[in-house]
Amino acid sequence: MRPGCHPNGQEGRNSLRRYLTTFIMNRKENPIMAENIAELNEIEVQPANDAELELAKMRHSAAHVMAEAVLDMFPNAKFAIGPAIEDGFYYDFDLPRSLTPEDLEQVEARMRNHIKKAEVFTRNEVSREEALETFKDQPYKVELIKELPEDETISTYQQGEFLDLCRGPHVDDTSKVGAVKLLSVAGAYWRGDEHRPMLQRIYGTAWNTKQELAEHLERREEALRRDHRRLGRELDLFSTNEMIGAGLILWHPKGAMVRNLIERFETDEHLKRGYDLVYTPHIASEETYKQSGHLETYAENMYSPMDIEGSPYYLKPMNCPAHIMIYNSTIRSYRDLPIRYAELGTVYRYERSGTLHGMLRVRGFTQDDAHIFCRPDQMLDEAKAVIDLADYFAEVFGYRYEAYIATRPEKSIGSDENWVRAEATLKQAVSEMGIGFKIDEGGGAFYGPKIDIKFLDSLGREWTGPTIQVDFNLPERFDANYIGEDGQQHRVVMVHRTVLGSMERFVGGLVEHYGGAFPVWLAPVQAVVIPIADRHVEYADSVARRLKEAGIRVDVDSGSDRMQNKIRHAQLQKVPYMLVAGDREAEADAVAVRLRTNENLGAQPVSEFVEMVTGLVDSKSRELQ
RNA sequence: GCCGACGUAGCUCAGUUGGCAGAGCAGCUGUUUCGUAAACAGCAGGUCCGGGGUUCGAAUCCCCGCGUCGGCUCCA
C-alpha cells in the first residue's frame with residue numbers, strides 16, 4: 001500500500017494472473033517462504049485435500065515432461081523453475097531463440113511421446129557439492145542450490161534423459177501425466193525481478209482425463225465470450241481510442257446508462273446511510289501532495305505537473321487530501337462526528353503501458369470514494385456500517401464474497417496501541433457482522449490495517465471489492481483534529497473506503513459477471529417493440545410511448561427486416577424483453593412478450609407488462625418475470 | 001517499462017514471390033409486409049495504425065513511433 005489513501009484495487013482479472021499475483025505477493029510477505037527456494041520448483045498451490053494434492057503433483061510432473069521435451073529441441077536450454085499452478089503448470093526457460101506457436105505444438109507432440117513411454121521418475125538425494133557439479137551448466141539451478149538452507153536435503157528427479165533439481169514429489173512415471181495442453185508462451189523475469197534476465201515461460205494446463213481437459217478449455221472459452229472488451233464492443237458500451245490515448249475509457253450511451261444507473265443507486269444509498277456528498281477539483285497544487293506524502297512515495301504513479309503561473313499543479317491520483325481539507329475547513333467538535341464525505345471522484349494515475357487492460361486497468365477512473373472522520377470509539381460502528389453497505393451491494397449485484405483482514409506490516413507508522421486497537425476493531429466489526437474472514441498477515445498498509453472484501457463472480461472468479469482502511473498517517477500530516485468533551489484537541493480517526501472500487505473496473509467486472517445480460521434495472525435498453533408489419537408500427541409506437549411514460553427504456557424496431565431478424569437482433573443485444581406487436585396484439589391492447597432466455601410469455605395487456613417490469617426494476621431483481 | 005505476437009472497411013478476417021485493395025456480417029437504398037434467432041436485390045464503404053527508408057513499383061521488405069493482445073514487473 002501506498003501512503004495517503006485507499007487502494008484502487010487493480011488486480012489482474014483472470015484467475016491465473018490473479019493467482020500468480022497472489023503467489024508473488026505471498027513470497028514477498030513471507031521471507032521464510034521466499035528463502036525456501038526449493039519450493040519454488042515444486043508445487044505452488046495450497047492443496048485443500050488429497051485429491052488436489054495428487055492433481056498438483058501430476059501437474060508438476062507435467063512441467064518436468066515439458067522440460068524434457070524442450071531439452072529434446074534445445075539441448076543447450078537453461079532451465080529455471082517449473083511449478084504446478086492453478087489449473088496447470090509452467091516452466092521457465094532460457095533459450096537461444098524465441099519460441100513460436102509452431103514450437104509449442106512440437107513441444108506438445110514430444111510431450112505426448114514421453115508420456116506414452118512411461119518413463120519412471122527416479123529420485124536421488126545428493127550432496128550440495130554433487131548437485132553443484134551436476135548442474136554446473138545450469139546457472140539458474142546453481143543459484144537455487146547455493147541459496148538452499150544448510151540443512152536442506154537436496155534431491156534430483158530424473159525421467160528419461162531429463163534430470164532436474166527438485167524436491168518432489170512426482171507421479172510414478174510419465175504415463176501417469178494426464179491430458180495436457182500447452183496454452184501460451186510469455187516473457188517472465190528470472191525470479192520475478194525486472195532487473196534480471198527475461199526468460200520464456202510456457203504455460204500449460206493438465207487434467208486427469210480428456211473430459212476434464214475439454215471442460216476446462218470450455219470454461220476458458222466461456223470466459224472469452226464474457227470478456228468485457230468483447231462485449232463492450234458488441235453491446236456498444238464503451239471504447240478506447242488510439243488518438244485519445246491508451247487507458248482512457250470512452251463511455252458510449254449504453255455504457256454510460258449502466259454506469260449512471262449504478263451511480264444513482266449508490267449515491268441514493270449513501271445519502272440514506274448518512275454520507276454527505278462533496279465535489280473536489282481534478283488538480284491540486286504541488287504543496288498538497290508534498291504535505292500528503294504522495295510526492296514522496298506515490299510520485300511514480302502521478303503524471304508530470306503542469307505549470308500554472310509558475311506554480312506546479314498535479315492531476316489528482318487520489319481524492320483524500322481534498323476531503324481532508326473540507327474536514328479542516330472549520331473547527332470540529334466531537335458532537336459533529338462521524339462525518340462521512342462521499343464523492344464519485346475521478347482520479348488519474350500513471351500505469352505502465354504493458355499493464356493496461358480494457359476497463360479493468362486504466363489511467364483515468366472514477367472511484368466511489370468516501371472518507372469517514374470519527375472518534376476512536378466510533379470506529380467499530382463505522383466499520384460495521386461499511387460492511388453492511390458492502391453486503392447489501394454484493395447482494396444487489398449477485399456477488400458472493402470473502403473477507404480478509406490485513407494486519408500490520410513490518411514497515412509501518414503509528415503507535416503499537418493504535419495498531420492493536422484498530423486491528424481488533426476491524427476483526428470485531430467483521431465478526432459482529434457474522435462474516436467469516438481470513439487474516440492477511442502483514443498485508444496492511446504501512447499507515448493502517450484494512451478489511452479487503454473480494455467479490456466472487458458467476459464463474460467463481462475473484463474481483464477486488466470493497467476495502468476499508470484505517471489511516472493513522474494523513475490526520476497527522478494534515479493535523480486533522482476535533483475538540484473532545486474535555487475541551488482538548490484530539491486526533492481524528494480517518495477511514496478510507498470504497499465499495500465498488502472504480503466505476504470502470506466495477507462495470508467491466510459486472511459485464512463479465514452477467515455475461516452482458518444485465519438485470520432489468522440495469523439493462524440500457526429494457527425492451528424492444530417489434531412490429532410484425534408496417535401497419536403495426538403506429539401501434540408499436542403507441543406502446544413505446546406508454547412504456548416510456550412508465551420509465552421503461554424502450555426502442556421500436558420499425559425497420560424492414562422480418563420479425564425473426566428483429567428478434568435475433570434484440571436477442572444478440574441481450575435486451576431483456578422483445579415485445580411482438582401484430583394484429584392480434586393491437587386488437588387486444590397487448591404485446592406478446594418474449595424473454596431473452598428464449599421463453600415466450602405469450603400476449604399480455606400492456607398495463608400488465610408495465611407493472612411486471614416496474615416491479616422488477618424497483619426490487620432490482622435479477623429475474624425477468 | 002520488459003519478452004513475444006498482432007494492427008487491412010464499423011466488426012470478423014483473406015490478400016501468393018514486392019506488381020490494379022478483397023469477402024462475409026453490419027450500414028444505406030429499393031423490393032417484400034412476413035407470428036418468435038438471419039427475406040431478396042442493389043449501392044456505398046479504405047491514411048492497408050502513423051512517420052521515415054529501400055525499390056521502377058510497398059498492405060507486403062527495413063528502421064522508428066503509437067496502439068492492441070498473452071504474460072512478467074507494477075498496482076492491491
Protein-to-nucleotide contact annotation, 5' to 3' order, nucleotides 5-16 of chain B [B base; S sugar-phosphate only; - none; under 4.0 Å, heavy atom]: --B---SS----

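Nucleotide B/C69 forms a pair with B/G4, judged by Watson-Crick or G-U wobble geometry with both contacts under 3.5 Å. Pairing of B/U33, defined by two Watson-Crick or G-U wobble distances under 3.5 Å, is not identified with any nucleotide. Under the Watson-Crick or G-U wobble criterion, with both distances below 3.5 Å, B/G42 is paired with B/C28. With both pairing distances under 3.5 Å, B/C56 is matched to B/G19 as a Watson-Crick or G-U wobble pair.
A straight line from CG of A/N598 to C1' of B/G35 spans 16 Å, rounded to a whole angstrom. If you measure from atom NE2 of A/H569 to atom C1' of B/C25, you get 12 Å, rounded to the nearest angstrom.
Looking at A/Y189, its side chain comes within 3.5 Å of the base of B/G1 through a donor and an acceptor atom. Side-chain atoms of A/R352 and base atoms of B/U73 include a donor and an acceptor less than 3.5 Å apart. For A/R568 and B/A38, a side-chain-to-base donor-acceptor distance below 3.5 Å is present, hydrogens and geometry of angles not being considered. A donor-acceptor contact under 3.5 Å links the side chain of A/E585 to the base of B/G35.
Using a 4.0 Å heavy-atom cutoff across all strands shown, A/N600 reaches at least one base atom of the nucleic acid. Contacts of A/L183 with the nucleic acid, taken as non-hydrogen atoms under 4.0 Å apart, are absent. Heavy atoms of A/T100 sit nowhere under 4.0 angstrom from any nucleic acid atom.
Shown here for A/Q526 and A/I552, the closest heavy-atom pair between the two residues is OE1-CA, 3.3 Å.
Residue-to-nucleotide proximity on RNA chain B shows that, of A/A592 and A/A186, the 5′-proximal contact is made by A/A592. Comparing A/T240 and A/Q571 by the nucleotide of RNA chain B whose heavy atom lies nearest to each, the residue mapping closer to the 5' end is A/Q571.
Between A/M66 and A/L182, some side-chain heavy-atom pair lies under the 4.5 Å cut-off.
If you look at A/F397 and A/F506, their ring centroids are closer than 6.0 Å. Separation of the A/F472 and A/Y447 ring centroids does not fall under the 6.0 Å cut-off.
A/N565 contributes atom CG, which lies 9.0 Å from atom CG of A/L572 (distance to the nearest 0.5 angstrom).
For the pair A/R59 and A/F89, the cation does not sit on the ring face, since its NZ or CZ is not both under 6.0 Å from the ring centre and inside 45° of the axis.
When the side-chain nitrogen and oxygen atoms of A/Y577 are compared with OP1 and OP2 of B/U36, none of them lie within a distance under 4.0 Å. A close approach under 4.0 Å does not occur between any side-chain nitrogen or oxygen of A/S184 and OP1 or OP2 of B/G71. The side chain of A/R562 places no N or O atom within less than 4.0 Å of a non-bridging phosphate oxygen (OP1 or OP2) of B/U32.
Residues from residues 526-535 of chain A placing a heavy atom under 4.0 Å of any atom in RNA chain B, listed by number, are A/I532, A/A533, A/D534, A/R535.
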